[in-house]
J.: 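I'd like to ask you about the structure that follows.
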Amino acid sequence: MIEDIQTAIPLGFLLSFMIGPVFFVLLETSAIKGFRAGVSFNIGVIIADVVFLLIAYFSSFQLLENLSNQPGLFVFGGMILLIYGIVIFIKKASKKDNVKVSTGTYLSLIVKGFLLNFINIGVLVFWLGLIVIVGPSLDNNPNRIVIFFGTVIIVYFITDLFKILLAKQLKRYLTQERIVLIKKGLGVVLIVCGIVLITKGFLPKEKFNIKDGIERISE
């Protein structure tokens with residue numbers, strides 16, 4: 001059990017620094033809206049990861065094959081990210097960014113974090129691949145799998161808390177002009193991520209082989 005936890009800790013830490021739309025939105029939310037807002041958003045992200053993990057655990061390797069045969073899922077998720085990024089980029093500045101966040105806003109941030117992570121089908125593919133790789137090394141023991149991935153998620157969340165705290169320190173330096181630049185930069189990041197996902201959906205199957213991707217992760 002201890003060895004499983006020790007193996008999971010560095011993985012959870014590394015996952016927290018995987019560059020993607022969630023990474024940048026978390027930092028933006030924390031810097032502009034504060035610590036509680038960042039935590040609320042992150043809770044939504046974690047819930048989506050847990051849902052993906054449950055899907056991965058109760059499914060089989062066949063699901064990976066099915067996903068590779070459904071490029072439309074990547075196109076759909078990519079289109080949502082692309083549209084969301086464009087909306088953020090062209091949206092005019094609002095004084096609401098400096099208004100105190102309410103309880104209702106915290107709930108909406110949880111939903112936002114969940115949806116932003118959930119629409120990225122690549123996250124599901126990642127967790128599925130990880131289950132396929134790690135499962136045999138854990139003897140496919142349910143208790144060991146729960147401990148391993150539970151540790152990954154906990155370390156992931158704790159590391160994100162430190163990122164939120166650091167991002168919050170930037171709030172005092174944020175002027176309205178800088179907030180606008182951050183939001184436009186975030187919009188560009190989301191647009192790029194959306195285009196990448198859409199491109200994956202149009203790649204020939206032989207160039208987007210999930211089995212090969214899993215083998216690379218395990219090396």
Side-chain angles (χ1 to χ4, degrees), residues 12-49 52 73-102 104-126 156-203:
F13 179 78
L14 291 174
L15 286 181
S16 181
F17 289 95
M18 288 183 66
I19 304 301
V22 168
F23 178 89
F24 291 103
V25 176
L26 175 64
L27 295 182
E28 181 258 354
T29 300
S30 305
I32 294 176
K33 293 188 167 89
F35 179 78
R36 293 183 180 180
V39 172
S40 298
F41 176 83
N42 201 37
I43 288 174
V45 173
I46 294 297
I47 292 174
D49 278 322
F52 277 146
L73 292 174
F74 289 90
V75 176
F76 177 72
M79 285 298 296
I80 294 177
L81 283 179
L82 178 62
I83 293 172
Y84 184 43
I86 293 174
V87 170
I88 290 179
F89 184 81
I90 65 177
K91 186 177 180 181
K92 293 183 179 180
S94 172
K95 294 182 180 180
K96 290 183 179 179
D97 289 329
N98 296 321
V99 176
K100 185 176 180 180
V101 183
S102 64
T105 305
Y106 291 136
L107 293 175
S108 66
L109 283 169
I110 292 175
V111 174
K112 179 181 177 181
F114 176 85
L115 293 177
L116 190 61
N117 200 24
F118 196 76
I119 62 174
N120 189 352
I121 195 66
V123 178
L124 174 57
V125 173
F126 172 80
Y156 179 13
F157 183 76
I158 292 175
T159 305
D160 276 351
L161 291 181
F162 285 101
K163 284 166 31 184
I164 292 170
L165 284 171
L166 289 175
K168 181 189 174 185
Q169 301 306 312
L170 298 175
K171 188 173 183 179
R172 69 186 70 176
Y173 303 107
L174 293 179
T175 62
Q176 191 65 28
E177 292 74 19
R178 289 172 181 172
I179 290 176
V180 171
L181 288 175
I182 289 174
K183 285 186 172 293
K184 288 190 177 297
L186 177 61
V188 171
V189 169
L190 292 177
I191 290 171
V192 171
C193 290
I195 293 174
V196 170
L197 268 183
I198 293 172
T199 303
K200 285 183 178 181
F202 286 105
L203 283 176

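The first residue of the sequence shown is numbered 1, and numbering continues consecutively from there. Since this is a predicted model, take the numbers as computed values, not measurements.
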J.: Apply side-chain contact (heavy atoms from CB on, under 4.5 Å) to the pair Asp160 and Leu26, showing each step before the final yes or no.
T.: CA-CA 9 Å; Asp160 276 351; Leu26 175 64; 3.8 Å; yes

J.: Grab the two heavy atoms, one from Gly38 and one from Ser30, that are nearest each other, plus how far apart they are.
T.: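 What the structure gives for the nearest pair is CA-OG, 3.5 Å.
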
J.: Counting the benzene-type ring for Trp, do Phe52 and Phe118 have ring centres under 6.0 Å apart?
T.: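 So the answer is yes for these two rings.
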
J.: Of all the heavy-atom pairs spanning Leu116 and Phe41, show the shortest one and how long it is.
T.: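 Nearest pair, atom of Leu116 first, then Phe41: CD2-CZ, 3.9 Å.
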
J.: Taking all atoms of both residues into account, what is the closest heavy-atom pair of Ser16 and Thr159, and its distance?
T.: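 Heavy atoms of Ser16 and Thr159 come nearest at OG-CG2, 3.4 Å.
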
J.: Leu109 versus Thr105: any side-chain heavy-atom pair under 4.5 Å?
T.: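 When only atoms from C-beta onward are counted, Thr105 and Leu109 do touch, with a gap below 4.5 Å.
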
J.: Would you call Ile198 and Leu82 a side-chain contact if the rule is heavy atoms closer than 4.5 Å?
T.: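 Yes, their side chains come closer than 4.5 Å.
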
J.: Kindly compute the distance separating CZ (Phe35) from CD (Gln169), expressed to the nearest 0.5 Å.
T.: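 Between atom CZ of Phe35 and atom CD of Gln169 there are 11.0 Å.
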
J.: Compare every heavy atom of Ile110 with every heavy atom of Ser40, then report the nearest pair and how far apart it is.
T.: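 Residues Ser40 and Ile110, closest heavy atoms: O-CG1, 3.2 Å.
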
J.: Let's go through Asn42 and Lys163 carefully: what are the C-alpha distance in whole Å and the side-chain angles of both, what is the deciding distance for side-chain contact (heavy atoms from CB on, under 4.5 Å) to 0.1 Å, and is it a yes or a no?
T.: CA-CA 11 Å; Asn42 201 37; Lys163 284 166 31 184; over 6 Å; no

J.: With the side chain counted from C-beta on, respond yes when Ile46 and Phe114 share a heavy-atom pair under 4.5 Å apart, and no when they do not.
T.: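 No, every pair of side-chain atoms sits at 4.5 Å or beyond.
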
J.: Report the C-alpha distance between Phe157 and Ile43 in whole Å, list the side-chain angles of each, state the deciding distance to 0.1 Å, and finish with yes or no for side-chain contact (heavy atoms from CB on, under 4.5 Å).
T.: CA-CA 8 Å; Phe157 183 76; Ile43 288 174; 4.2 Å; yes

J.: Do the side chains of Ile164 and Val39 get nearer than 4.5 Å, heavy atoms only?
T.: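 Counting from C-beta outward, Val39 and Ile164 do come under 4.5 Å.
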
J.: Could I get the full list of salt bridge (Lys or Arg N to Asp or Glu O under 4.0 Å) partners for Lys168, not counting sequence neighbours?
T.: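 By the salt bridge (Lys or Arg N to Asp or Glu O under 4.0 Å) rule, Lys168 matches no residue at all.
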
